[in-house]
Participant: 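The structure under discussion is supplied below as structure tokens; questions concerning it will follow.
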Amino acid sequence: MTRASWEQYFMNIAKEVATRSTCDRKHVGAVIARDKTILSTGYNGSIRGMPHCDEVGHLMENGHCVATIHAEANAVLQAAKNGVRIEGGEVYITASPCWSCFKMLANTGIKKIYYGEFYRDERIFDVAKRLGIELMHIPVKQEEL
């Protein structure tokens, strides 16, 4: 068996984190790491204490479910809740961040974003380049999510 690279290792963990997702429209997982150490994880799901999409259905606006908090946002929130500094870290997400989540990640000081599949917003590529944030694609097989 070939030993996984660090990038593949963390992306594999992000795929596992995605299995906790409670929105059946898309299961997404995120892992924030720095210096080969996991700092935080998150998956897309409802506001804490609210019913989940897979229990009560979706709150749809413009073709998107807005009941959930995205995986990368939940990972940032978990780090903040626990007093974990993520500046200078990297994030592994099973899907590329939407525009709002990209802006949030950029402002946290994340320096590298690894994503499994492209998810809808091309703006992230130009802005990441301008800010010096590395965006790297690591393919994720859909049947594994």
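All values below were derived from every heavy atom in this structure, side-chain atoms included, with hydrogens, water molecules and symmetry-related copies excluded. Note that the coordinates shown come from a computational prediction; the quantities given were computed from them, not determined experimentally.
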Participant: Can you name the residues that form a side-chain hydrogen bond (donor to acceptor under 3.5 Å, both in side chains) with S21, not counting sequence neighbours?
Facilitator: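 Only N44 meet the side-chain hydrogen bond (donor to acceptor under 3.5 Å, both in side chains) criterion with S21.
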Participant: Tell me, please, which residues at least two apart from R3 pass salt bridge (charged side-chain N to carboxylate O under 4.0 Å, His left out).
Facilitator: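 Not a single residue meets the salt bridge (charged side-chain N to carboxylate O under 4.0 Å, His left out) criterion with R3.
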Participant: I'd like to check the side chain to side chain contact (heavy atoms under 4.5 Å, CB included) partners of A30; sequence neighbours left out, ordered by chain and number.
Facilitator: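 A30: side chain to side chain contact (heavy atoms under 4.5 Å, CB included) contacts with A71, E72, A75, V91, I93.
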Participant: If a pair satisfies ring-ring contact (aromatic ring centres under 6.0 Å, His included) and one of its residues is in residues 76-95, list it, with sequence neighbours excluded.
Facilitator: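 Checked against ring-ring contact (aromatic ring centres under 6.0 Å, His included) - neighbours excluded - the pairs reaching residues 76-95 are F10-Y92, Y92-Y114.
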Participant: Using salt bridge (charged side-chain N to carboxylate O under 4.0 Å, His left out) as the criterion, list what pairs up with R85, not counting sequence neighbours.
Facilitator: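 Partners of R85 under the salt bridge (charged side-chain N to carboxylate O under 4.0 Å, His left out) test: E87.
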Participant: With sequence neighbours left out, what residues match D24 under salt bridge (charged side-chain N to carboxylate O under 4.0 Å, His left out)?
Facilitator: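 Listed in chain order: nothing, the list is empty.
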Participant: Has the side chain of T108 got a donor or acceptor atom that lies under 3.5 Å from a matching backbone atom of A106?
Facilitator: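 No, T108 side chain to A106 backbone: no donor-acceptor pair under 3.5 Å.
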Participant: Under the salt bridge (Lys or Arg N to Asp or Glu O under 4.0 Å) rule, what pairs show up with a residue in residues 120-133, not counting sequence neighbours?
Facilitator: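 Sorted pair list: D121-R123, D126-R130.
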Participant: What are the two closest non-hydrogen atoms of C23 and T68, and how far apart are they?
Facilitator: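 In this case the closest contact between C23 and T68 is CB-CG2, 3.5 Å.
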Participant: Taking side chain to side chain contact (heavy atoms under 4.5 Å, CB included) as the test, write out the residues that go with N82, two or more places apart.
Facilitator: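 In terms of side chain to side chain contact (heavy atoms under 4.5 Å, CB included), with neighbours along the sequence ignored, N82 is linked to Q78, V84.
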Participant: Tell me whether the rings of F102 and W99 are parallel (<30°), tilted (30 to 60°) or perpendicular (>60°).
Facilitator: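 Rings of F102 and W99: parallel, under 30°.
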Participant: Mind checking side chain to side chain contact (heavy atoms under 4.5 Å, CB included) for S5 and listing every partner two or more places apart, or none if nothing turns up?
Facilitator: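 By the side chain to side chain contact (heavy atoms under 4.5 Å, CB included) rule, S5 matches E7, Q8.
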Participant: Count the heavy atoms of every other residue, nucleotide or ligand shown that sit under 6.0 Å from CE of M50, and state whether that count exceeds 12.
Facilitator: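 Check fails, neighbour count at 12 or below.
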Participant: Go through E90 and R34 one step at a time and tell me if the side-chain contact (heavy atoms from CB on, under 4.5 Å) criterion holds.
Facilitator: CA-CA 6 Å; E90 49 200 35; R34 187 179 55 240; over 6 Å; no
Participant: Heavy atoms, side chains only, cut-off 4.5 Å: are Y119 and P97 in contact?
Facilitator: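 Counting from C-beta outward, Y119 and P97 never come under 4.5 Å.
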Participant: Grab the two heavy atoms, one from V17 and one from G29, that are nearest each other, plus how far apart they are.
Facilitator: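 The pair with the smallest heavy-atom distance is CG1-CA, 4.1 Å.
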Participant: Show every ring-ring contact (aromatic ring centres under 6.0 Å, His included) that has at least one partner inside residues 52-72, sequence neighbours left out.
Facilitator: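 Every candidate ring-ring contact (aromatic ring centres under 6.0 Å, His included) pair involving residues 52-72 fails, so no pair, neighbours aside, qualifies.
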Participant: Go through the steps for L105 and V76 under the test side-chain contact (heavy atoms from CB on, under 4.5 Å), then give the verdict.
Facilitator: CA-CA 8 Å; L105 290 170; V76 168; 3.9 Å; yes
Participant: Considering only residues two or more places apart or on different chains, which pairs with a residue in residues 42-66 satisfy salt bridge (Lys or Arg N to Asp or Glu O under 4.0 Å)?
Facilitator: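 Salt bridge (Lys or Arg N to Asp or Glu O under 4.0 Å) check on residues 42-66 returns no pairs.
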Participant: State, to 0.1 Å, how close A79 and I86 come at their nearest heavy-atom pair, and which atoms those are.
Facilitator: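 Distance-wise, the nearest heavy atoms are CB-CG2, 3.6 Å.
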Participant: By side chain to side chain contact (heavy atoms under 4.5 Å, CB included), which residues pair with L135, not counting sequence neighbours?
Facilitator: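 Applying side chain to side chain contact (heavy atoms under 4.5 Å, CB included) to L135 gives I113, Y115, I124, F125, A128.
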Participant: Do K26 and E117 come close enough that some side-chain heavy atom pair is under 4.5 Å?
Facilitator: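 Yes, close enough: below the 4.5 Å cut-off.
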